[in-house]
Every structure is written in structure tokens, then in C-alpha cells.
Novice: 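Would you mind keeping the following structure in view while I ask a few things?
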Number of protein chains: 2
Amino acid sequence: MNWSKHHRKRRGYHHGNLREALIEAALELIAAKGAAGFTFAEAARSAGVSPGAPYRHFRDRDALIADVARRGFEHFAEDLARAWNDGQPTPHTALQNLGAAYLAFAKDEPAYYTAMFESQLPARADPELVQASDRAFAVLRQAAETLIATLPPRQRPPAMMVSLHIWSLAHGIASLFGRGDEARRALPMAPEELLEAGILVYLQGLDIATD
Amino acid sequence: MNWSKHHRKRRGYHHGNLREALIEAALELIAAKGAAGFTFAEAARSAGVSPGAPYRHFRDRDALIADVARRGFEHFAEDLARAWNDGQPTPHTALQNLGAAYLAFAKDEPAYYTAMFESQLPARADPELVQASDRAFAVLRQAAETLIATLPPRQRPPAMMVSLHIWSLAHGIASLFGRGDEARRALPMAPEELLEAGILVYLQGLDIATD
DNA sequence: CAATTCATGTAAACAGCTTTTACATGAAGC
DNA sequence: GCTTCATGTAAAAGCTGTTTACATGAATTG
């Protein structure tokens with residue numbers, strides 16, 4: 001049969017870069033039709049190879065998604081770290097930038113975000129996935145620590161708790177309203193404003209200076 | 001072929017209550033294997049009917065999930081309203097009860113919660129689903145209004161914004177840590193405590209009395 | 001350079017899911 | 001009692017997922 005309908009750089013019998021091609025296909029398919037609407041067979045077709053070929057590179061469909069999620073977390077960690085920018089110019093401004101970067105990632109990279117948070121992966125299956133996720137969370141954790149360090153010691157809440165609050169709020173907003181699906185509930189304000197205001201109120205509740 | 005392996009109350013050729021049986025099967029399958037691991041055919045098998053039978057009651061698999069989601073939102077709205085209890089004994093306590101009820105629903109009814117928030121339904125397809133979801137949100141909205149009413153008028157933030165903050169925080173925590181999957185990141189505290197503390201800080205940030 | 005090895009891809013096959021179609025059943029209403 | 005109609009069955013066609021034996025050709029090695 002002719003499997004080279006979608007050939008582009010196909011150099012003959014061997015694809016040459018099938019692994020990457022499959023990941024790209026997965027991103028497109030997930031973005032277009034959600035994590036559920038992604039099939040191994042369609043990814044293979046999109047890469048111009050036979051249905052069995054992907055099994056040379058991934059144990060199964062979940063392994064591919066896990067790899068996509070891992071890469072997603074790496075990009076995510078990078079974006080967050082760049083936005084945080086070591087707490088410059090001020091911890092509060094930097095945290096707001098971090099929040100904006102969180103939502104921007106969810107909006108601009110819906111396929112990654114879906115694979116990372118909504119693909120119901122066999123959980124903590126892949127240790128590299130866990131590590132990548134940890135690195136992303138570490139940025140939030142660091143931000144929380146920097147922020148509470150501006151408080152007198154007796155008044156400091158646990159940094160872990162603060163980072164979990166920020167993360168949960170950002171993830172909740174991204175989940176419920178964050179992607180351009182227009183599938184979600186209509187909002188009286190942009191998700192970015194909603195998060196910014198939420199963080200502002202939260203920090204005021206901790207008595208952290210926000211001006 | 002023999003489709004009556006799982007017969008229980010099967011009264012002959014006609015099932016008698018297939019629609020309900022399919023919804024029950026869907027809840028069990030979603031709880032066991034996630035929204036993706038639910039198939040029309042398996043629900044049919046579980047109800048003891050042929051693979052084509054479900055199409056007499058639901059247009060397709062998504063229509064069944066949408067119905068499950070709609071029922072989920074109805075139970076959810078009930079639970080939240082009961083917890084809120086018209087703001088008694090105090091608005092703050094009632095809001096904490098509401099938050100606890102939110103997380104309890106996510107934990108105790110993971111199948112409903114999954115269908116409601118993570119099934120990537122064709123969005124605002126079903127108007128009854130939207131209405132049910134609106135009724136649930138209305139409870140949160142009412143709670144927010146009651147809480148800000150304790151503030152002097154000049155100091156009141158928009159109730160819609162406050163309710164969205166609470167909702168997002170609760171949903172974020174439920175999403176990330178809330179279900180017994182043990183699949184999620186380990187926490188230094190129970191999700192319920194995390195949400196309670198988050199709400200407390202947030203209300204303090206609004207300068208709403210929390211004692 | 002030539003032979004061999006090995007990663008990568010194909011073809012074919014089987015099983016399960018989805019959806020449609022024609023047909024069967026039996027409960028409800030006239 | 002007869003007819004009607006909702007509900008279920010059987011069968012079929014076209015998907016997908018997965019495994020198997022086999023084919024290809026690029027890299028390795030003597």
C-alpha cells in the first residue's frame with residue numbers, strides 16, 4: 001500500500017525522524033480534537049507511515065502522550081522561570097508576570113496543557129515526567145518563598161501552602177476559562193485580569209505589600 | 001447471541017429501564033477507568049443488551065456523557081446549596097462549608113465530576129446542561145454577594161469576580177489534588193485544609209471579617 | 001570495501017468499538 | 001383482538017489498537 005501520501009522529507013523506506021513527527025502529529029491532533037480524539041493510527045497516517053510503525057518508538061498511545069506531557073512541562077518550567085525573572089523588578093510584579101505566563105501557556109499551547117493536566121495518564125508512571133513537573137512547580141515554590149520573605153518571620157505562612165494556592169488558582173482559571181475554546185462560560189473579564197485580581201487580594205490577605 | 005449474561009431484572013426481550021441502566025453503567029465505568037476508558041459497547045454489555053440498543057436512548061456516546069454531566073450538576077447544585085445553608089450560621093462559616101462540599105463532591109463522585117469538567121463535551125451543546133451548570137454556579141454567586149454585603153458599599157468588589165475566584169480556587173484544588181487517585185502530587189496537607197486556608201486568606205484580603 | 005547486524009518500517013491478521021440497517025418483539029391504546 | 005410503535009436484535013462495514021513475521025537499508029566491523 002502507499003503510505004507516503006503525506007510524505008515531505010520522507011527519504012525512502014525509512015522515515016528518518018518518525019519519533020519527532022509523531023510528537024508533532026500528536027500536538028496537532030490533541031489541539032484540534034482534544035486528548036481523547038487522538039489516535040495512534042491517525043498520528044501514523046499523518047506522519048505517512050504504517051499503523052504499526054509508531055510502536056517502534058512508543059510502547060503505546062499513553063507513552064506518546066506522556067512524552068508530550070514531559071516536553072510540555074519543560075517548556076512550561078522555562079516560561080515560568082523567565083516570567084518570574086528571579087523576582088525582578090519586585091516580587092509582586094514578578095509574581096503577576098508568572099501568573100500571566102501560566103495563563104499564556106495554557107492558551108497558546110493547549111495541546112501541551114491538555115497532555116500535562118487532562119490526559120489522565122497512569123499518574124506517576126514516568127519518573128522523567130514527574131521530574132519535569134517538579135521543575136515547573138519549583139518555580140512557583142521559589143516565588144512563594146521570595147514573597148513571604150518580605151514578611152517578618154513570625155507572620156510567614158508556609159511557602160508550600162502559598163505556592164499551592166497560587167498554582168491552584170491559576171490552574172482553576174486556566175481550566176475553567178483559559179483556553180480559547182469559547183466552549184467555556186462567558187466571563188465579565190479576561191482570565192488574565194481575573195487571576196491578577198485574585199493574586200492581588202490573596203497577597204493582601206497575607207499582608208504582603210502590593211504597591 | 002446471548003446478551004443476558006448480566007441480566008438482573010431483565011424481563012424478557014425488553015430491558016424495561018435501559019436508559020437508567022446505561023447511565024449507571026457509565027458512572028461505574030468512568031469512575032473505574034476515566035472518561036476516556038468508557039465505551040458505548042461496554043455500557044451496553046454491562047446492561048445486558050446488544051451494542052446497538054443504546055442508540056435508541058442516546059444519539060451517541062457524548063450524549064450519554066452530557067446527560068451524566070447534567071445530572072452531576074444537579075446533584076452538585078443541591079450539595080452546594082445545602083452546605084451554604086443560606087449563609088448560616090455566619091457567611092464565613094457557610095462559605096467554608098460550601099468549599100468543603102465542593103471538594104467532597106469531587107472526591108465522592110469522581111465520575112460525575114469527570115463528566116462535568118473533564119469530558120471535553122462539545123461545550124455548550126446541550127442547553128439543559130448549561131442550565132444545570134448555571135444553577136450550581138448561582139449558589140457560589142449568592143454566597144459571594146452575601147459575603148461582600150458585610151462590607152461598606154465603597155469597599156465592595158464585584159460579586160461575580162469574588163465568586164469566580166472561589167470557584168477557580170476550589171476547582172483548581174479539586175483538579176490537581178482532589179480525587180483519591182493517589183495519582184496526583186503528594187500534599188503536605190489535606191485538600192480541604194488547603195482550600196479552607198486559601199479562602200481565609202482571600203477573605204482577609206478583601207477585609208471581610210473571618211472570626 | 002564487503003559482510004553482517006540492527007534499528008526501523010511494512011503487511012497482514014485478529015479483536016474490539018461505532019454506527020447504520022433491516023427485522024423481531026411485545027406493550028399500550030383503540 | 002388488532003394495530004401501532006417504542007424498544008431491542010442481528011448483521012454488516014469501517015474504523016482503531018496491537019501483535020507478528022518479514023523487508024529494508026544504514027551503520028558497524030573486520
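Proteins come first, then strands; the chains are lettered A, B, ... in the order of their sequence lines, and each starts at number 1.
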Novice: Parallel, tilted or perpendicular for B/Tyr202 and B/His165, by the 30°/60° rule?
Specialist: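 B/Tyr202 vs B/His165 ring planes: perpendicular.
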Novice: Can the ring centres of A/Phe117 and A/Phe73 be said to be less than 6.0 Å apart?
Specialist: yes
Novice: Between B/Leu64 (CG) and C/dT18 (C1'), how many Å, whole number?
Specialist: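 About 14 Å, once rounded to whole Å.
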Novice: Using a 4.0 Å cut-off on protein heavy atoms (strictly under), produce a 5'-to-3' string for nucleotides 13-21 of chain D with B for base contact, S for backbone-only sugar-phosphate contact, and - for none.
Specialist: ---SSBB-B
Novice: How long is the line joining CZ of B/Phe58 and C1' of C/dT19, in whole Å?
Specialist: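 Taking CZ of B/Phe58 and C1' of C/dT19, I get 17 Å after rounding.
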Novice: To the nearest Å, how far apart are A/Leu18 CG and C/dT10 C1'?
Specialist: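 Rounding to the nearest Å, CG of A/Leu18 and C1' of C/dT10 are 13 Å apart.
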Novice: Among residues at least two apart in sequence or on other chains, which ones pass salt bridge (charged side-chain N to carboxylate O under 4.0 Å, His left out) with B/Arg141?
Specialist: B/Glu145
Novice: For A/Arg156, what residues pass the salt bridge (charged side-chain N to carboxylate O under 4.0 Å, His left out) criterion, not counting sequence neighbours?
Specialist: none
Novice: Do NZ/NE/NH1/NH2 and the carboxylate oxygens of A/Arg135 and A/Glu78 come within less than 4.0 Å?
Specialist: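 A salt bridge is absent here (no side-chain N lies under 4.0 Å from a carboxylate O).
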Novice: Within the pair A/His57 and C/dG9, is there a side-chain N or O less than 4.0 Å away from OP1 or OP2?
Specialist: yes
Novice: Ring centroids only, cut at 6.0 angstrom: are A/Tyr112 and A/His75 within range, meaning strictly under it?
Specialist: yes
